[in-house]
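The structure presented is a predicted model; accordingly, all values stated were derived computationally and were not measured. Hydrogens, waters and symmetry mates are skipped; everything else that's a heavy atom, side chains included, is used.
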Protein chains: 2
Amino acid sequence: MAAKNSGARSKRTRRTSERPPPVQEPPLSRERIVTTAVELLDAQGIEGLTMRRLADRLGAGVMSLYWHVDKKEDVFDLALDAVLDYRASPPGNEPQDWRGEAIHMLEDWRASMLRHPWSASLLPRRVLGPNILSRLERLSQILSRAGVADTNLNAAIWSLWNYVMGATITRASFDVSDDDRAAAQQRLTRLSERYPTIERSRLLLDDDWNGAFRKGLGFLLDGLSPK
Amino acid sequence: MAAKNSGARSKRTRRTSERPPPVQEPPLSRERIVTTAVELLDAQGIEGLTMRRLADRLGAGVMSLYWHVDKKEDVFDLALDAVLDYRASPPGNEPQDWRGEAIHMLEDWRASMLRHPWSASLLPRRVLGPNILSRLERLSQILSRAGVADTNLNAAIWSLWNYVMGATITRASFDVSDDDRAAAQQRLTRLSERYPTIERSRLLLDDDWNGAFRKGLGFLLDGLSPK
DNA sequence: ACCTGAACACCGTTCAAGT
DNA sequence: ACCTGAACACCGTTCAAGT
């Protein structure tokens, strides 16, 4: 009873068993597709998401997906936004600690994406889904309450966005290719007369990503703070 | 004589004409491959670069490429670094205006990538080529000379890197999908009770990308400046 | 040393059809 | 309304072979 539907592609013979749909194969739906897509992306990375594989995991034919979704791109859009959900303490709270609030939300943003490393390299090409928008909304409110001038508000939001995106994308890509990074540092050491400064500071070997993220974010918030 | 080799795929009959290789079809080489790859990427975008198409443009068979290059990935790596060359006034100059120097170099970085929008979405997954490294080296020297403490140096470099990458990637992706952006703003206006703050500040309609970039960079440099 | 075509194991998506 | 298989026009890369 356990591994019933695993190995055998026995779609044809399903009707013979009499039970009313026993949870086992709920009908296809956008939701189910997105959930499974995220699973697949987590497991196999961005290259691993294939319409054929996705359909397989769902126990459906490839073309069935196209009833619920227009193009493969849509699956990417939906998967990305699905991953960026944010629940935080209600907005009105503690208007004094805007810095802490901003840091919390942005670190969570980064963490959410690093939990699904594919999301980082996906984001650049994707549309702004509702979860992304509501994070931007939240950020805007925090900064506004903090006293950032209206004329600076958009620039401030985008600069934080830029910082977080850049950091996350970089982090995720280094994660994937740790060997490449080692190779780069090797080359760097070999050519230490060409890159003396970053060689000396061990720029590529510094492993404290979280610390660097927080520190840099601190710099930026310092610069943003209304004087 | 002009459009000699354009339409006809007459590889077979080439030997009949007697001339010594008249510049027309220089032998395949890594360099030629990279140059053509950049052209192709500029023209067709990231999806447009295909080993088959690339070989076609070079008047060679697909598999000939694989003598000069291991995998398609390599072509991407090489194309990316090729685009990031930086020539600036010699490093020793004007030690006083570090801020101007940093801004110049980072704006040039962004501009170089925006000239080849595919580079922005490529970078996250790529190795650090020599041109990228030498920019980081340069940045490190500037900040060091500016008096940034050694303990802050790496964090400072990465935060600037993050900012520039985030900004560039975002800019490039919005460039590609201007309609998507319009659609997003539409949805946003429709749901203005959900996103009142960013709706009011017209976050998604603000078109002054260059201004926003400079402003945000200013914030960050302010935060970085040794007090 | 350099280049090649045929073949393999994949893709996303159109289309006409089934229930 | 929802699902399907066959077919089309592509991919990157292995392999055995040519010069």
Next item on the list: Give the ring-plane orientation class for A:Tyr86 versus A:His104, where under 30° counts as parallel, over 60° as perpendicular and anything between as tilted.
Entry: tilted
Next item on the list: Using whole Å, report how far NZ of B:Lys72 lies from C1' of D:dC10.
Entry: 12 Å
Checklist line | Closest nucleotide among D:dC3, C:dC3, C:dG12 to the A:Tyr66 side chain | finding: C:dG12
Notebook entry, point to check: Would A:Ile46 and A:Ser121 count as a side chain to side chain contact (heavy atoms under 4.5 Å, CB included) if you check the C-alpha gap in whole Å, the side-chain angles of each, and the deciding distance to 0.1 Å?
Noted result: CA-CA 9 Å; A:Ile46 223 163; A:Ser121 36; 4.0 Å; yes
Check: Counting side-chain heavy atoms from C-beta on, which of D:dC3, C:dT4, C:dG12 comes nearest to A:Pro27?
Finding: D:dC3
Next item on the list: Tell me which nucleotide among D:dT4, C:dA6, D:dG12 gets nearest to the side chain of A:Met63.
Entry: D:dT4
Next item on the list: Please report, rounded to the nearest Å, how far the P atom of C:dC11 is from the CG atom of A:Leu54.
Entry: 12 Å
Check: Expressed in angstrom and rounded to an integer, what is the separation of A:Phe76 atom CZ from C:dG12 atom C1'?
Finding: 12 Å
Margin query: Can you confirm whether or not the ring centre of B:Phe213 sits under 6.0 Å from the ring centre of B:Tyr163?
Written below: yes
Note to self: When the P atoms of C:dA16 and D:dC2 are compared, how many Å lie between them, rounded to an integer?
What the structure shows: 22 Å
Next item on the list: Test B:Arg110 against B:Asn210 for side chain to side chain donor-acceptor pair (under 3.5 Å), laying out the working first.
Entry: CA-CA 10 Å; B:Arg110 171 172 176 267; B:Asn210 297 342; 3.2 Å; yes
Next item on the list: Let me know the distance between CZ of B:Arg32 and C1' of C:dC2, rounded to the nearest Å.
Entry: 14 Å
Checklist line | Distance in angstrom units between A:Trp67 CH2 and D:dT4 C1', rounded | finding: 13 Å
Check: Rounded to the nearest 0.5 Å, how far does CG of B:Asp206 lie from CG of B:Asp208?
Finding: 6.0 Å
Next item on the list: Could you label the plane-to-plane angle of the A:Trp209 and B:Trp158 rings as parallel, tilted or perpendicular, counting under 30° as parallel and over 60° as perpendicular?
Entry: tilted
Notebook entry, point to check: Starting at the 5' end of DNA chain D, which residue's closest nucleotide do you reach first, A:Arg52 or A:His68?
Noted result: A:His68
Notebook entry, point to check: What is the distance, rounded to the nearest whole Å, between atom CG of A:Asp56 and atom C1' of C:dC10?
Noted result: 14 Å
Notebook entry, point to check: Paired stems touching DNA chain D, three or more consecutive Watson-Crick or G-U pairs with both distances under 3.5 Å?
Noted result: C:4-8 with D:12-16, C:12-16 with D:4-8
Next item on the list: Search all heavy atoms of B:Ile169 against all heavy atoms of B:Ala120 and return the closest pair with its distance.
Entry: CG1-O, 3.3 Å
Next item on the list: Take atom CD of A:Gln44 and atom P of C:dC11, then tell me their distance rounded to the nearest Å.
Entry: 10 Å
Check: Could you state the CD1-C1' distance from B:Ile33 to C:dC3, rounded to the nearest angstrom?
Finding: 12 Å
Check: Which residue lies toward the 5' end of DNA chain C, A:Leu49 or B:Ser64, if each is placed at its nearest nucleotide?
Finding: B:Ser64
Notebook entry, point to check: Phosphate oxygens OP1/OP2 of D:dC11: is one of them under 4.0 Å from a side-chain N or O of B:Arg53?
Noted result: yes
